[in-house]
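Please read the structure below before turning to the comments.
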2 protein chains.
Amino acid sequence: MPEYLSTAPVKGTRDFLPAEMSVRTQVFGHLYDVLERYGYLRYDGPILEQAEVYERKSGQEIADQQLYTLTTRGGERLALRPEMTPSVARMIAGHAKSLSFPVRWYSHPNCHRYERPQRGRVREHWQINADIFGSESANCEIEMFELIHDLMGAVGATPDMFAVRVNDRNLLSSALTDVVGISPDHLPQVFALVDRWEKTSAEEHAASAAEIGLSDKQYEKLAETLGAGPALLDELPAEVKAESNLIKVLSSSAASLVRYEPLIVRGLAYYTSTVFEVFDTSPQNRRALFGGGRYSNLASMFTKEQISGIGFGMGDVTLMDFLDTHGLTPQPRSEVDVTVIPVTEDLADPARDVATALRKAGLRTSTPLELRKLGKELTRADKAGAVAVVIVGEEDWAAGRVTVRSLATREQQQVAVADVPATVRAMVSPA
Amino acid sequence: MPEYLSTAPVKGTRDFLPAEMSVRTQVFGHLYDVLERYGYLRYDGPILEQAEVYERKSGQEIADQQLYTLTTRGGERLALRPEMTPSVARMIAGHAKSLSFPVRWYSHPNCHRYERPQRGRVREHWQINADIFGSESANCEIEMFELIHDLMGAVGATPDMFAVRVNDRNLLSSALTDVVGISPDHLPQVFALVDRWEKTSAEEHAASAAEIGLSDKQYEKLAETLGAGPALLDELPAEVKAESNLIKVLSSSAASLVRYEPLIVRGLAYYTSTVFEVFDTSPQNRRALFGGGRYSNLASMFTKEQISGIGFGMGDVTLMDFLDTHGLTPQPRSEVDVTVIPVTEDLADPARDVATALRKAGLRTSTPLELRKLGKELTRADKAGAVAVVIVGEEDWAAGRVTVRSLATREQQQVAVADVPATVRAMVSPA
């Protein structure tokens, strides 16, 4: 046993010290604000779920290799949630009778996956989940895309910094069968190939296509089709397009918010039609930031009722990377607005009274815990980002006054005790 | 395997649906506000820690029986944190060189303990932790007690609803040895007896005292001493009192914030002098809501540097019970401020434009996802707590107008599109 335990967090997990936490609080606060303005209601659920929930649904890779599982003293086999969707499906299924659908919900859970250790890869992240449950209308898609644009805008992103790339799996199926001529039996394997298309080379594509059993001609047509962009839509059967919410989006005022991309699949098994991903357009960071899609029967392991929906999960790691890449990371907030310094220990009680009045006025106010020289306290207040200090001296206090000093200008003024909150407020938020 | 999985959360864990989550968000928001006004900085850390951290420190009951542990595929033995103190001690120890002490930190972690199943007992809770690290001054105690009063006030509690009961373990040791005449060897057992004093009967006290080896006379003196209240202070040696921060508090202006109680111990092993608990004074719920204390060497398992501090952990379960008992639980916030309803599907795009303008003005705004009859949408908007609906009709829209309807008065007015945000804002927040 080592004499001292390591002060590093467990591998793949993260500590957030106050400066970093302040950045996060600001960023997430902006996102919550936007979600609330769209009428999304926040919920939360336990980090522990029955392991079986994930083993049944989340895809074999997660269940086999990435799940943190534990067995309790009572014999229950539990898992740390790797994602929020099964939890919210459980909650929606359990309360379906009392909810008036459609509902808009969001949450901000901490999710764990035991990823293979790679550079920068973490094993837990905080993910904003936003969903609409109980509607199959294309209005949901439109709202999701507007919401995503407003979320990105709220953290400072301009439309040139990202693209919302969209597809409909039914359009893709039709393109693969009707345009490329792939047999329906091969669709699952071809979907998997399309899903990794952008991450692999042309040689790998060709090899995979051959392995699946596509002819050279089919492979060439596949590559051409996936690269066709919006022109592909002209080749798809009208009856397929008539059923597609995405086609409705593309003919609405929301068309400008998205870019149709025939090769977007999104790995997770839930999605049944619309899929989308938000893509970082900066040359040095070209990759998906987050994604989502529509599911026709979300809660099938919990209920016979068919609950449709659409949603996305936005993880903190890629979002913070995006903000860093684009110079959008906010500064940590100052620690306090003002510090009240008693000149002697005897003046600690009066200083606390002044601090109380400042806090009542909504100002973040500290008092020194240890009595040190005034100069040292001024330096400390400055380092904490205080705009002002209030100095409580003996004679001043006896005369009902204190000294208010601006840390920016170093100007001092004598202020009647009752006027201190208004004076400091004016320095913190100038008119 | 059952056909459908249960929709109940894992035993001892909780789902928070939007209405309950809204209550929680309001309550915790008030608490965060107060903490920030005192200059406390929020931090966060991983829910997983090395299991050894708790096995070394948190007290044998937690490590033996209450810890959720798991072994990763990489062979690490981890635990879900049962409390935040070891995590924050680790973080403070790891960053001690770059911090300028004293620091004020707070967090709001989810903590897990595998408690024996009892009525209403949960196995996870969310606990606000607030600490000052790196100061031994009695100013810390005073600030903690002011902070606690302001936190309780922020959630609506008046001073008659709760009491802050305080003690100093060194005063208790002195009382037990100098006043009761207990041998120092017996102190640990007597501390444990005192800790459960209020939860057990006089018969049990006497039996325990006899078991420890106290004489009848010592037992009588013990009972008398623990019940003496502030009068006990007169009997304690001056040199013991001179070293006590609590005595300094009791002679400051903060004395009125606390009640000296010789029998307060607080179970956890960390505390070394000051201990306190916030006690619900309502007759039907007399019990400790939360507690805390001072520790002289918090991070001893991580560093040779001696880091002192004082802090408390305020759990959500007892706090919410307290609010319920005293009728202080806030109402859930309304789901939206306003709903914008297009009369026909063709007007969905214009309705979205109006909604966008309302959101830009900070109003929580929804639009219907499925087109239903106007009456049905009005009912739904009313149920969602909307103050107003904006109805977008064809002729109105062509003339640059919409109808704004108050759901309280049912009065309607025609409003120019550009004036909609100001009109609705005035209805949501009347001057």
Side-chain angles (χ1 to χ4, degrees), chain A residues 4-5 7-10 13-18 21 25 36-39 41-50 52-53 68-70 72-73 76 78 90-91 93-95 100 102 105 110 114 124 132 135 137 139-140 143 252-253 301-303 335-336 348-349 359 364-366 369-370 380, chain B residues 4-5 7-10 13-18 21 25 36-39 41-50 52-53 68-70 72-73 76 78 90-91 93-95 100 102 105 110 114 124 132 135 137 139-140 143 252-253 301-303 335-336 348-349 359 364-366 369-370 380:
Chain A
Y4 292 112
L5 296 180
T7 59
V10 166
T13 72
R14 297 167 294 164
D15 290 335
F16 300 116
L17 268 71
M21 192 68 189
T25 303
E36 305 259 337
R37 285 185 200 186
Y38 274 80
L41 306 178
R42 190 165 175 182
Y43 67 94
D44 202 1
I47 198 164
L48 290 172
E49 292 277 358
Q50 305 291 347
E52 196 182 351
V53 166
Y68 280 89
T69 54
L70 60 92
T72 67
R73 283 159 225 275
E76 294 165 296
L78 305 181
R90 179 178 59 67
M91 292 165 68
H95 297 86
S100 59
W105 281 18
N110 190 206
Y114 193 78
E124 52 82 24
I132 297 168
S135 171
S137 163
N139 287 328
C140 303
E143 179 167 303
S252 79
S253 66
M301 75 178 114
F302 299 109
T303 176
E335 298 183 6
V336 290
D349 278 0
R359 288 178 190 131
R364 294 172 304 139
T365 309
S366 65
L369 296 164
E370 315 252 341
R380 194 179 156 95
Chain B
Y4 292 113
L5 296 180
T7 59
V10 166
T13 71
R14 298 167 294 164
D15 290 336
F16 300 115
L17 268 71
M21 192 67 188
T25 303
E36 305 259 337
R37 285 185 199 185
Y38 273 81
L41 307 178
R42 190 164 175 183
Y43 67 94
D44 202 0
I47 198 164
L48 290 172
E49 292 277 357
Q50 305 291 348
E52 196 181 351
V53 166
Y68 280 89
T69 54
L70 60 92
T72 67
R73 284 159 224 275
E76 294 165 296
L78 305 181
R90 178 178 61 66
M91 291 165 68
H95 297 86
S100 59
W105 281 18
N110 189 206
Y114 193 77
E124 52 81 24
I132 297 168
S135 171
S137 164
N139 287 327
C140 303
E143 179 167 302
S252 79
S253 66
M301 74 179 115
F302 298 109
T303 176
E335 298 183 6
V336 289
D349 278 0
R359 288 179 189 130
R364 294 172 304 139
T365 309
S366 65
L369 295 164
E370 315 252 341
R380 194 178 156 95

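A, B, ... follow the sequence lines: proteins, then strands. Residue 1 opens every chain.
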Subject >> When A/Gln50, A/Glu143, A/Arg364 are compared by non-hydrogen pairs under 4.5 Å with chain B, the top option >> reply: A/Arg364

Original post:
Between A/Ile132, A/Asn139, A/Val336, which residue shows the highest count of heavy-atom pairs closer than 4.5 Å to chain B?
Top reply: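 The answer is A/Asn139.
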
How close do [X] and [Y] get, counting heavy atoms only, and between which atoms?
X: B/Arg37; Y: A/Arg359; value: NH1-O, 3.0 Å
X: B/Leu48; Y: A/Tyr68; value: CD1-CE2, 3.8 Å
X: A/Phe302; Y: B/Thr7; value: CB-CG2, 3.8 Å

Subject >> For B/Arg90, all residues meeting side chain to side chain donor-acceptor pair (under 3.5 Å), sequence neighbours excluded >> reply: A/Asp15, B/Glu49

How long is the straight-line distance from [atom2] of [Y] back to [atom1] of [X], given to the nearest 0.5 Å?
X: B/Tyr114; Y: A/Leu70; atom1: OH; atom2: CG; answer: 10.0 Å
X: A/Ile47; Y: B/Thr13; atom1: CD1; atom2: OG1; answer: 11.0 Å
X: B/Asp44; Y: A/Asn110; atom1: CG; atom2: CG; answer: 8.0 Å

Original post:
Checking heavy atoms, do the side chain of B/Tyr38, its backbone, both or neither come under 4.5 Å from chain A?
Top reply: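 Looking at B/Tyr38, backbone and side chain both touch chain A.
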
**OP:** Tell me, for B/Glu124 versus chain A, whether the close heavy atoms (under 4.5 Å) come from the side chain, the backbone, both or neither.
**Re:** neither

Original post:
Is there a donor-acceptor pair closer than 3.5 Å between any side-chain N or O of B/Ser137 and the backbone N or O of A/Leu369?
Top reply: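 Yes.
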
Original post:
Hey, is the main chain of B/Thr25 close enough, under 3.5 Å, to the side chain of A/Arg42 for a donor-acceptor pair?
Top reply: no

Subject >> Contact winner vs chain A - B/Ser100, B/Gly45, B/Ala93, B/Gly39, heavy-atom pairs under 4.5 Å >> reply: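 Most heavy-atom pairs within the cutoff with chain A belong to B/Ser100.
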
Original post:
Taking every heavy-atom pair that is under 4.5 Å apart, which of B/Ala8, B/Pro9, B/Pro46 has the most such pairs with chain A?
Top reply: B/Pro46

